[in-house]
Participant: 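One structure follows; several queries about it will come next.
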Amino acid sequence: MSETVYLNGEFMPLDQARVPVLDRGFIFGDGVYEVIPVYSRRPFRLPQHLQRLARSLEAIRLAKPLADGERTRLIGDIIARYAGEDQSVYLQVTRGVAKRDHAFPKDAKPTVFVMSGPLVTPARELVESGVPCITGTDYRWLKCDVKSVSLLGNCLLRQSAADAGAAEIVLFRNGHLTEASASNVFVIRNGTLLSPPKTHLILPGITYDVVLELAAATGIPIELRAVPEAEVRSADELWLTSSTREVQAIASLDGKPVGTGKPGPVFRKLYQAFQDFKRKVMRQAA
Ligand code: PDD
């Protein structure tokens, strides 16, 4: 049986959900999305995800298709209709169906789609071993702060990681770290946590914020600044963060071990803080 999804005001089985071929999401990649992790049936950092969605919608000049309360209720409904305890809710809004023309249609109705799936966080072995990554040139557009469904650049980059047997590709633009194809990147040097600040060159990750909050709370010094490629290549530790990866250590970069080649002490501290924080937040929500 296929799971229940939401499309334009109706709940229906996934295998019956259909979008017309002239939807601008299909034709132009003209839309935005969110991925919201759900632990024990409770969405994690939902207000922050909805705020980022609102910013993405504003950036592409699309009016909010649903009021805040409606969106929260809808996400609650999708979570309730899905079987798993830990889920990953996917929400997408496109500019809707219109005759093909690059300029915006006057009266198209946005397409709103929501589904849930299993939240597959890294297995214990991968938390303990870390993952191999490669590096590449960040050739994406200059609005990486918009969570757009136009992900061709990200898909091409991720595929080159997959071809190399790597988990992710760490990206550099003009000699500086940006992020990875679907995650933010943190660098540890001499005990200090470094990461690029939130600009148009990276997605403002919700997990990025959680990691910074936890680092501050556990006394890890933080520097948000441009990080030159050489500092990444000679880092003591490198981490990836995202809603589905949580915090994950990079074991090797382009085949060379990062630090000792094993997740380092700062990672272990932050990973534990992240797990404790998750449990605390979920208990409070119960
Ligand atoms: N990706 N940078 C990029 C390019 C991303 O696509 C993502 C998330 C992140 C991390 O953001 P957050 O911590 O809010 O998940 C950074 C999601 C998970 C995806 O596209 O599946």
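As the structure lists them, so they are numbered: ligands from 1, and atoms in each ligand from 1.
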Participant: Has Y90 got any heavy atom lying under 4.0 angstrom from an atom of ligand 1?
Facilitator: no
Participant: Does K147 have a non-hydrogen atom less than 4.0 Å from ligand 1?
Facilitator: yes
Participant: Provide, to 0.1 Å, the distance between atom 11 (O) of ligand 1 and the closest protein heavy atom, together with that atom's residue and name.
Facilitator: G205 CA, 3.5 Å
Participant: Decide whether an N or O pair under 3.5 Å exists between P204 and ligand 1.
Facilitator: no
Participant: Over 60° means perpendicular and under 30° means parallel, so tell me whether H102 and F28 are parallel, tilted or perpendicular.
Facilitator: tilted
Participant: Which option out of C144, G153, S243 puts a heavy atom nearest to atom 15 (O) of ligand 1?
Facilitator: S243
Participant: Can you report which non-hydrogen protein atom sits closest to atom 2 (N) of ligand 1, along with the distance?
Facilitator: E179 OE1, 2.7 Å
Participant: What do you reckon, does R140 have a nitrogen or oxygen under 3.5 Å from a nitrogen or oxygen of ligand 1?
Facilitator: no
Participant: What verdict does the side-chain contact (heavy atoms from CB on, under 4.5 Å) test give for Y39 and Q87, after you've listed the backbone C-alpha separation in whole Å, the side-chain angles of each residue and the deciding distance to 0.1 Å?
Facilitator: CA-CA 7 Å; Y39 297 107; Q87 307 178 22; over 6 Å; no
Participant: Taking atom 10 (C) of ligand 1 as the point of reference, which of I36, N184, V247 owns the nearest heavy atom?
Facilitator: N184
Participant: Quick one: which of S148, P37, A182, S181 has a heavy atom closest to atom 7 (C) of ligand 1?
Facilitator: A182
Participant: Please determine if T207 has a nitrogen or oxygen closer than 3.5 Å to a nitrogen or oxygen of ligand 1.
Facilitator: yes
Participant: If we ignore angles and hydrogens, is there a donor and acceptor under 3.5 Å between the side chains of S181 and N154?
Facilitator: no
Participant: Using side-chain heavy atoms (C-beta onward) and a distance below 4.5 Å, is L50 in contact with D68?
Facilitator: no
Participant: Will you find, in the side chains of T207 and E246, an N or O donor that is under 3.5 Å from an N or O acceptor?
Facilitator: no
Participant: May I ask you to establish whether R61 and F104 are in a cation-pi arrangement, using a distance under 6.0 Å from NZ or CZ to the six-membered ring centre and at most 45° from the ring axis?
Facilitator: no
Participant: Heavy atoms, side chains only, cut-off 4.5 Å: are L91 and I75 in contact?
Facilitator: yes
Participant: Taking atom types as modelled and ignoring hydrogens, do the side chains of R189 and S234 form a donor-acceptor contact shorter than 3.5 angstrom?
Facilitator: yes
Participant: Short N/O distance, under 3.5 Å, between T244 and ligand 1?
Facilitator: no
Participant: Which of the numbered atoms in ligand 1 are below 4.0 angstrom from a heavy atom of V35?
Facilitator: 19 (C), 21 (O)
Participant: Of all the non-hydrogen atoms in the protein, which one sits nearest to atom 20 (O) of ligand 1, and at what distance?
Facilitator: Y33 OH, 2.6 Å
Participant: Any side-chain donor paired with an acceptor under 3.5 Å for R81 and T4?
Facilitator: no
Participant: Which part of N154 is near ligand 1, with near meaning a heavy atom under 4.0 Å away: side chain, backbone, both or neither?
Facilitator: side chain
